[in-house]
Amino acid sequence: MNIQRTLSIIKPDAIKKSVSGNIINMFESNGFKIVAMKKIHLSKLQAQEFYKEHSARPFYGDLCDFMCSGPVVVQVLEKDNAIKANRDLMGATNPSESDEGTIRKMYGDSIDNNAVHGSDSEDSAKREISFFFSELEIC
Ligand code: CMP
């Protein structure tokens, strides 16, 4: 067993479509334990800081504007090999390329409005979890 934690964000497009409950249900029914969760509205500065690894990419400005366009639900998910398991459940970044039954296929509209974010490595998970949560908030 390799129990890991990963950071999940249910993005503003999914919150606006009122499908956050469906997505949370998908996490739980796929064996993820939700060990921390909150709903927040990011500031532009917070979105820029969170996504700073993409700051040189052409989509960075639009991504940061989108991520602070409305509330998001951030969660810490725990499971055996949680990082890869969550990326498999989310599907490809572009919903048009993601497999049937994945979250992005079901609820994403475009590469920009793709419903969810998930950490892509152990280092990212560590950084992203501590960006949103203190140890006291994880149980
Ligand atoms: P996310 O997993 O949140 O990580 C960065 C986000 O940038 C990604 O999901 C997409 O929503 C967005 N994005 C927009 N264009 C691209 C692109 N060409 N490649 C990767 N991510 C992109």
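Counting starts at 1 for both ligands and their atoms, in listed order.
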Are side-chain N/O atoms of Ser121 and Asp123 paired as donor and acceptor at under 3.5 Å? no
Is it the case that the side chains of Asn113 and Lys11 hold a donor-acceptor pair, with the cut-off being a distance below 3.5 Å and no angle test?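 Their side chains do not contain a donor-acceptor pair, so the 3.5 Å distance test is not met.
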Could you list, one pair per line, each nitrogen or oxygen of ligand 1 together with any protein nitrogen or oxygen closer than 3.5 Å, giving atom names and the distance rounded to 0.1 Å?
from     : atom 1 : to     : atom 2 : distance (Å)
ligand 1 : 2 (O)  : Arg104 : NH2    : 3.2
ligand 1 : 2 (O)  : His117 : ND1    : 3.1
ligand 1 : 3 (O)  : Lys11  : NZ     : 2.7
ligand 1 : 3 (O)  : Tyr51  : OH     : 2.6
ligand 1 : 3 (O)  : His117 : ND1    : 3.1
ligand 1 : 9 (O)  : Lys11  : NZ     : 3.2
ligand 1 : 9 (O)  : Asn114 : ND2    : 3.3
ligand 1 : 11 (O) : Lys11  : NZ     : 3.3
ligand 1 : 11 (O) : Ile111 : O      : 2.6
ligand 1 : 11 (O) : Asn114 : OD1    : 3.4
ligand 1 : 11 (O) : Asn114 : ND2    : 3.2

Tell me the salt bridge (Lys or Arg N to Asp or Glu O under 4.0 Å) pairs involving residues 101-115, sequence neighbours left out?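 Qualifying pairs, neighbours excluded: Lys17-Asp109.
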Restricting to pairs with a member in residues 74-87, which pass side-chain hydrogen bond (donor to acceptor under 3.5 Å, both in side chains), not counting sequence neighbours?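 Checked against side-chain hydrogen bond (donor to acceptor under 3.5 Å, both in side chains) - neighbours excluded - the pairs reaching residues 74-87 are Asn2-Asn81, Arg5-Glu78, Lys84-Asp88.
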Expected list for residues 52-60: side-chain donor-acceptor pairs under 3.5 angstrom, two or more places apart:
from  : atom 1 : to    : atom 2 : distance (Å)
Lys52 : NZ     : Glu49 : OE2    : 3.1
Ser55 : OG     : Lys52 : O      : 3.0
Tyr60 : OH     : Gln48 : O      : 2.8

In terms of heavy-atom contacts, does NZ of Lys39 have more than 12 from other residues, nucleotides or ligands at under 6.0 Å? no
